[in-house]
Amino acid sequence: MAAPNIRIDIASVFKDKGFKQASKSSTALERQFKSLGRTFLTVFSTAAIIRFGKESAKAFAEDEKAARRLEQTLKGVNLGFAAPQVESYISSLEKSTGILDDDLRPALEALVRTTGTVTTAQTLLSTAIEVSAGSGYSLVTVASDLAKAYVGNTRGLAKYNTGLTKAELQTKSFAEIQKVLNDQFTGQRAAYLSTYAGRTEALRVAYANMQETIGKGLVDAFIQIQGDNGIGGATKAMEDFGDTLADIIRGLGLLLDKTNEVTAKGGFNLFSLESIPIAGSYLRMLQKAGQSIERLPTPPGNRITFGMNQAKIAEAEKDAIERAKAIEAQRKKSLAAQEKSNKLKALAAKLDRSAAKFDLERIQIAAALQGKISEGDRIRLQEMQTIHEARQAIAEGDLEASNKLIEALEALGEKFLAFQEKMEKTKQIDPFSELPKQVEKANEAIANLRNIPLGSEGDYVQLVSPKYPNQPPTMVTPPSFTSPNIPSVVPPNTPPIVSPPNTANPKGTAPNVSITVNGALDPNGVANQINEILNQGAATSGTFTRIGYAPYIAKPTV
Amino acid sequence: MPVVLAGVDELKRALKKYAPDLRKEMDATIKAELKSVVADARAKVPGNPPGNLYNWADNGSVGFSRTSKERPFPKYNPVYVRKGLTYRTGTSRPNPYGFAALFSLWNSSAVGAILETSGRLNRFGKPQMGNRGSQSTKDFGRSNNPDAGRRFVGAMNDIGALKSYESSDAAKYRSTGRLLYAAYADRQGKTLDAVMKAINTAKVKFDARAKATTMKQVA
């Protein structure tokens with residue numbers, strides 16, 4: 001405990017420096033608050049009210065437009081009389097499901113257009129709402145898919161993962177599909193609405209409805225005020241009203257501030273019109289007048305009584321049931337036709353398999369494979385046979401067999417390439433690989449020999465060297481024998497290959513011919529062929545007595 | 001309530017700047033007056049504890065308290081008491097209401113405060129519970145020595161009777177004491193008059209000097 005301050009102040013002075021500073025700061029702060037308040041009111045009062053008013057009027061206009069479109073759709077399917085009931089249904093559905101009527105109307109519109117009955121459309125809309133909540137797709141999309149499925153086009157339902165195959169979706173009736181959807185998705189919307197997001201969405205719907213209601217009231221009021229000036233005058237009036245309303249709200253704020261304590265202590269509702277002594281009665285009158293001029297929705301052109309509606313509805317239901325039956329009958333008929341077509345296709349495939357046995361090309365390949373053929377040819381034939389079988393399998397739609405055959409074909413191709421490589425290596429080490437060329441050359445020389453005419457005295461031989469074609473031909477003129485146009489296989493300046501004729505038998509003796517064959521070849525085979533040809537020549541023209549300077553001498557066998 | 005003056009600070013600053021001799025003269029006059037009050041108060045402090053409370057005397061031992069953790073009950077030492085009786089002529093810091101003391105008298109020691117104020121709330125000590133209850137309250141104590149308060153206040157009264165320098169009932173309580181307050185009250189306002197007269201004299205002299213300077217300059 002601090003010691004008591006025992007002192008006597010004989011004289012004092014009042015120092016207001018701190019107070020002045022505090023007052024100055026307080027004044028500045030108050031000024032800033034006032035400025036902020038003015039800014040706040042300017043930004044968030046007048047502009048916000050005008051903007052809210054415009055948005056509300058716009059929301060109301062769009063809502064009314066959508067309602068008119070649905071009404072026209074109902075009229076188009078002869079259900080125009082049911083428009084009020086449909087609007088009421090949509091309104092209640094909007095409250096119970098938390099889905100905006102902006103989404104409900106086009107969904108119901110699509111379903112009504114397809115089914116032709118409001119009752120069925122309502123049932124399908126309930127299913128669509130559950131499916132939409134469960135699958136995450138928009139309500140309009142789901143309703144459109146259901147409408148298509150109703151008339152047999154079930155392709156769009158595959159994306160909802162119902163567990164039904166494509167074939168099942170095509171074969172099952174719509175009632176069966178709808179049952180599957182109901183079993184899987186019922187309760188999804190209620191579960192969604194219990195979540196925070198669902199409650200937020202419900203609030204959003206309530207806000208949108210409030211905006212539409214306010215917009216309707218504003219439009220009614222401004223049209224009432226402006227009369228014949230049209231929407232332009234109503235817009236101007238709305239902006240003026242926004243300014244006025246902003247001022248009124250400021251005044252109300254002040255009033256609320258001052259009367260808050262009184263209301264709390266008094267235990268009565270200060271803002272009830274009955275609580276206002278004199279002005280309250282006038283305001284009450286204004287309220288009643290406003291209610292009386294509320295612009296009710298324009299009634300449909302063919303609005304009829306409830307009793308007549310029931311009859312009409314029953315008639316429409318009857319038509320819709322008949323239409324549904326017709327659609328189901330058509331679906332069954334189409335399904336039967338499809339089944340018949342599939343059976344015919346299966347039979348055709350079987351026939352093709354039988355006919356394949358008589359395919360000439362395949363028969364030839366099979367026969368060729370039975371014979372003695374080289375390994376390479378066998379592989380190529382097997383490839384051709386596999387190609388035919390693969391084509392057959394593809395035509396039959398047997399995917400597994402097709403894959404296997406294609407794999408086998410690729411294996412055969414690789415096998416053939418390996419075989420080719422192997423043959424190439426074998427060819428490189430074969431000493432007789434050039435034999436066919438040499439034989440051909442020999443045959444050519446022998447053919448030339450066949451053209452050698454039997455010489456006579458006075459003939460000459462012209463030797464032309466193919467090795468030196470640009471040099472002038474060397475003319476060898478034997479003293480007693482020449483033979484024109486005989487090509488030579490020996491270079492120039494070599495001894496003549498034709499020996500002088502046998503003077504003892506100038507007409508019947510063939511000249512001696514020397515044949516030189518270069519390169520490695522089968523000398524015995526060459527000799528045999530030469531002998532054969534020479535023997536043929538000898539049989540007609542005579543015999544050879546000597547053959548040039550060849551190391552091997554072909555001697556006639558006959 | 002102290003007398004509230006205006007412009008004394010400015011006067012003191014002006015004197016210090018333009019007439020330091022007048023400032024010294026004023027301060028000396030005021031200090032002499034305040035010193036006389038302090039001397040009177042110090043004269044009231046007895047050499048031994050009043051009422052023969054010899055066990056209260058400061059014999060160098062450090063006491064302890066059974067009721068307070070901060071410090072024990074202070075021992076009586078007349079030197080410290082007299083030293084605590086003093087005066088200040090500097091302007092103090094303003095209090096929360098904006099008033100600053102120009103000249104003040106102080107009794108700043110703990111024992112001096114006890115001598116000064118004991119018994120001014122309950123002239124016969126704190127009333128005891130007696131048979132009114134079993135626990136002590138703010139207004140009633142329940143001491144094992146219920147007569148101690150009365151006897152202590154009675155011992156303090158040996159210094160002198162409680163006197164107040166204020167006449168109004170509202171200010172009487174906080175202006176009542178035995179040492180400083182009594183000495184100031186014994187002067188019957190002469191101290192305040194002397195202080196005011198010194199300030200006024202300095203002001204008059206300063207004004208006269210300032211006018212004379214102005215006239216000389218004009219001439």
Side-chain angles (χ1 to χ4, degrees), chain A residues 1-45 246-268 270-271, chain B residues 1-10 12 30 33-34 37 41 68 70-71 74 84-89 91-117 165-166 174-175 177 179-181 183-185 191-192 194-196 199:
Chain A
M1 184 175 174
N5 212 0
I6 306 297
R7 74 179 200 186
I8 300 169
D9 293 335
I10 296 170
S12 298
V13 64
F14 180 71
K15 294 198 167 185
D16 57 354
K17 183 180 177 184
F19 288 93
K20 284 180 177 175
Q21 284 179 345
S23 175
K24 190 177 177 183
S25 301
S26 176
T27 306
L29 188 64
E30 187 181 355
R31 197 179 300 123
Q32 286 177 356
F33 270 118
K34 283 181 180 175
S35 173
L36 182 65
R38 279 196 299 274
T39 306
F40 181 82
L41 288 172
T42 305
V43 172
F44 292 104
S45 292
D247 295 336
I248 290 171
I249 286 172
R250 291 189 198 101
L252 277 175
L254 184 62
L255 179 65
L256 282 169
D257 185 39
K258 298 294 182 190
T259 57
N260 196 19
E261 293 179 5
V262 177
T263 308
K265 289 177 182 176
F268 61 92
L270 185 68
F271 301 102
Chain B
M1 287 291 289
V3 176
V4 179
L5 305 174
V8 178
D9 267 346
E10 289 78 1
K12 286 165 76 175
I30 294 172
E33 186 61 31
L34 297 179
V37 177
S68 173
E70 294 180 0
R71 60 177 179 174
L85 290 165
T86 182
Y87 65 90
R88 294 177 189 172
T89 53
T91 306
S92 69
R93 287 192 305 170
N95 65 8
Y97 305 101
F99 293 97
L102 292 171
F103 313 103
S104 53
L105 298 164
W106 285 76
N107 182 358
S108 56
S109 68
V111 176
I114 292 168
L115 298 177
E116 185 83 49
T117 61
Y165 63 87
E166 292 283 355
R174 62 171 176 269
S175 60
L179 298 177
L180 191 65
Y181 290 165
Y184 188 72
T191 305
L192 178 60
V195 170
M196 296 297 290
I199 294 170

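Because only heavy atoms are used, hydrogens play no part in the values below, and waters and symmetry mates are left out as well, while side chains stay in. Throughout, protein chains are lettered first and strands after them, A, B, ... in sequence-line order, and every chain is numbered starting at 1.
Heavy-atom distances place both the backbone and the side chain of B:Val4 under 4.5 Å from chain A. At a 4.5 Å heavy-atom cutoff, the contact between B:Leu34 and chain A is made by side-chain atoms alone. Residue contact with chain A, scored on non-hydrogen atoms closer than 4.5 Å, is absent for B:Pro74.
Nearest heavy atom pair, residue B:Trp106 against residue A:Arg7, reads CZ2-NH1, 3.1 Å. Contact detail for A:Ser12 and B:Ala101: the closest heavy-atom pair is OG-CA, 4.0 Å. Closest approach of B:Ala113 to A:Ile6, counting heavy atoms only: CB-CG1, 3.9 Å. B:Tyr97 approaches A:Phe14 most closely through the heavy-atom pair O-CE1, 3.3 Å.
In this structure, B:Glu33 and A:Ile10 have side chains that are not in contact, with every pair of non-hydrogen atoms separated by 4.5 Å or more.
Between the NZ atom of A:Lys15 and the OG1 atom of B:Thr91 there is a distance of 5.5 Å, given to the nearest 0.5 Å.
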